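Here, residue 1 is the first one in the sequence, and each next residue gets the next number. All figures in this text were calculated on a predicted structure; none of them were measured in a lab. When a ligand or atom number is given, it counts from 1 through the structure's own listing order.
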Amino acid sequence: MQVPLLDLKPQYRALKEEIMAEIGAICDSQMFILGEKVQKFEAEIAQYCHSKHACGVTSGSDALIISLMVEGIGPGDEVITSPFTFFATVGAICRVGATPVFADIDPVTFNLDPAQVAAKITPRTRAIIPVHLFGQCVDMDPLLELARKHNLIVVEDACQAIGAEYKGRRAGSIGDYGCFSFFPSKNLGGFGDGGIVTVNDDEKNRLLRVFRNHGMDPRYYHHFIGGNFRLDALQAVVLSVKLKYLDDWTAARQRNAAEYGELFAAAGLHEDRVVLPAAAPGSTRHVYNQFSIRIKGGRRDAVKQVLHDAGVGCDIYYPVPLHEQECFRSLGYRSGDMPHSEQAVREVLAIPIYPESTLDQRQYVVATIKQALS
Ligand SMILES: *Cc1c(COP(=O)(O)O)cnc(C)c1O
């Protein structure tokens with residue numbers, strides 16, 4: 001049996017005609033940049049994410065960068081985030097010239113630990129970027145409390161978490177900015193790169209729109225140095241069609257996660273050998289962009305190899321904590337500084353969870369892991 005980690009083809013086959021008709025209409029119009037279809041999609045995302053506004057941008061990475069730019073965060077400023085995330089979270093901080101400050105994760109949820117964040121706040125701290133990793137929200141209330149007390153901006157990195165909820169509130173609507181990615185492997189994926197920033201504040205929304213178009217307002221008058229961060233109409237129409245099905249796909253991911261829970265228990269693979277994703281405090285809707293398990297006992301790499309040989313796709317998100325990346329050496333962190341992140345990179349393994357994967361496939365995945373650990 002072959003079990004890919006992700007297969008986007010079934011989703012494409014099901015929606016091909018609907019999507020191609022929309023793409024054809026854009027091509028007929030030859031209107032590719034921003035425009036009415038982008039506006040329509042922005043309104044749909046704002047509604048879906050329970051935010052007042054949404055501003056379409058070029059990628060999730062640029063969503064993070066433009067949010068920091070609008071706040072004027074730059075050289076001399078510190079931004080606190082997790083070392084256990086995709087590179088872009090921290091890359092964005094550096095791209096605006098600010099200094100990333102790492103706080104360790106909660107080992108149970110893989111998400112930023114508010115107590116660790118509190119210990120890292122200095123007079124230079126301007127913002128916190130909580131990352132809703134793998135599709136589950138960070139425990140936001142303690143972070144919002146810290147932000148209020150120290151006058152900090154909260155930029156949610158919700159790139160893996162569209163539709164996730166914290167105490168019934170949608171990811172992206174909780175902090176000052178919500179940053180989303182439409183990279184094809186995200187739960188809502190385009191036919192290329194794309195992203196969006198959700199925001200409740202009218203003035204921040206206005207500035208996002210100015211910054212994404214070279215800081216230009218009106219045309220050819222530049223108040224700020226922005227960039228070209230515009231979402232294009234082709235991506236917007238693809239995403240608009242797919243958004244209608246997102247809740248069905250999320251429900252399928254949740255069903256698949258529940259089935260894994262039953263299968264691992266039935267296989268007798270308990271916490272001493274395999275640790276399954278656990279609910280974070282306040283997390284009321286996990287959208288499972290990834291189903292990342294921990295393999296205990298130093299056996300992760302061996303299990304990965306057995307799965308690979310058996311035709312099961314799996315991957316490590318992420319193999320190196322960001323404070324140990326070569327490009328951040330000048331920040332002065334050392335191994336041992338972030339023990340929970342350092343342990344996570346040695347133990348995590350993401351296994352197939354995509355909506356169309358089948359029970360047969362999950363049974364095979366669990367049986368193969370059991371065999372690898374026996
Ligand atoms: C995917 C991702 C990003 C970057 O999004 P792109 O659209 O690929 O630029 C940022 N942060 C996290 C946590 C991500 O998973």
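Here the heavy atom of the protein found nearest to atom 10 (C) of ligand 1 is Cys159 SG, 3.5 Å. Of all protein heavy atoms, the one lying nearest to atom 7 (O) of ligand 1 is Ser181 OG, 2.6 Å.
Close approach of ligand 1 to Thr89 (heavy-atom distance below 4.0 Å) involves ligand atoms 11 (N). Listed by atom number, the atoms of ligand 1 under 4.0 Å from Gly60 heavy atoms are 5 (O), 6 (P), 7 (O), 9 (O). Taking every heavy atom of Ala88 and a limit of under 4.0 angstrom, the matching atoms of ligand 1 come to 4 (C), 10 (C). For ligand 1, the atoms closer than 4.0 angstrom to any heavy atom of Asp157 are 10 (C), 11 (N), 12 (C), 13 (C). Less than 4.0 angstrom separates some heavy atom of Val131 from each of these atoms of ligand 1: 13 (C).
Heavy atoms of Thr85 found under 4.0 angstrom from ligand 1 belong exclusively to the side chain. If you look at Asn289 next to ligand 1, there are no close heavy atoms at all, none under 4.0 Å. Both the backbone and the side chain of Ser59 come within 4.0 Å of ligand 1, counting heavy atoms alone. Residue-level proximity to ligand 1 for Ser61 is carried by backbone and side chain together, each with a heavy atom below 4.0 angstrom.
Ion pairing of Glu78 with Arg126 is absent here, as no side-chain N (NZ or NE/NH1/NH2) approaches a carboxylate O to less than 4.0 Å.
Summarising the geometry, atom CZ belonging to Phe180 is positioned 11.0 Å from atom CG belonging to Leu64; distances are rounded to the nearest 0.5 Å.
Counting all heavy atoms, side chain and backbone alike, Ser283 lies closest to Gln136 at OG-OE1, 3.1 Å. Considering every non-hydrogen atom in both Asp141 and Arg169, the closest pair reads OD1-NH1, 3.8 Å.
Between the Asp201 side chain and the Lys204 main chain, a donor and an acceptor come within less than 3.5 Å of each other.
Remark: aromatic rings of Tyr288 and Phe134 are distant, center separation not under 6.0 Å.
Ligand 1 has no N or O atom lying under 3.5 Å from any N or O atom of Phe183, backbone or side chain.
Using the six-membered ring where Trp is involved, Phe224 and Phe211 have ring planes that are parallel, under 30° apart on the 30 and 60° scheme.
Remark: Arg170 qualifies as a cation-pi partner of Tyr48 under the 6.0 Å distance and 45° angle criteria applied to the six-membered ring.
Under a 4.0 Å heavy-atom criterion, Lys186 is in contact with ligand 1.
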Could you go step by step and tell me if Lys167 and Asp139 meet the salt bridge (charged side-chain N to carboxylate O under 4.0 Å, His left out) rule?
CA-CA 9 Å; Lys167 299 184 180 175; Asp139 187 9; 5.1 Å; no
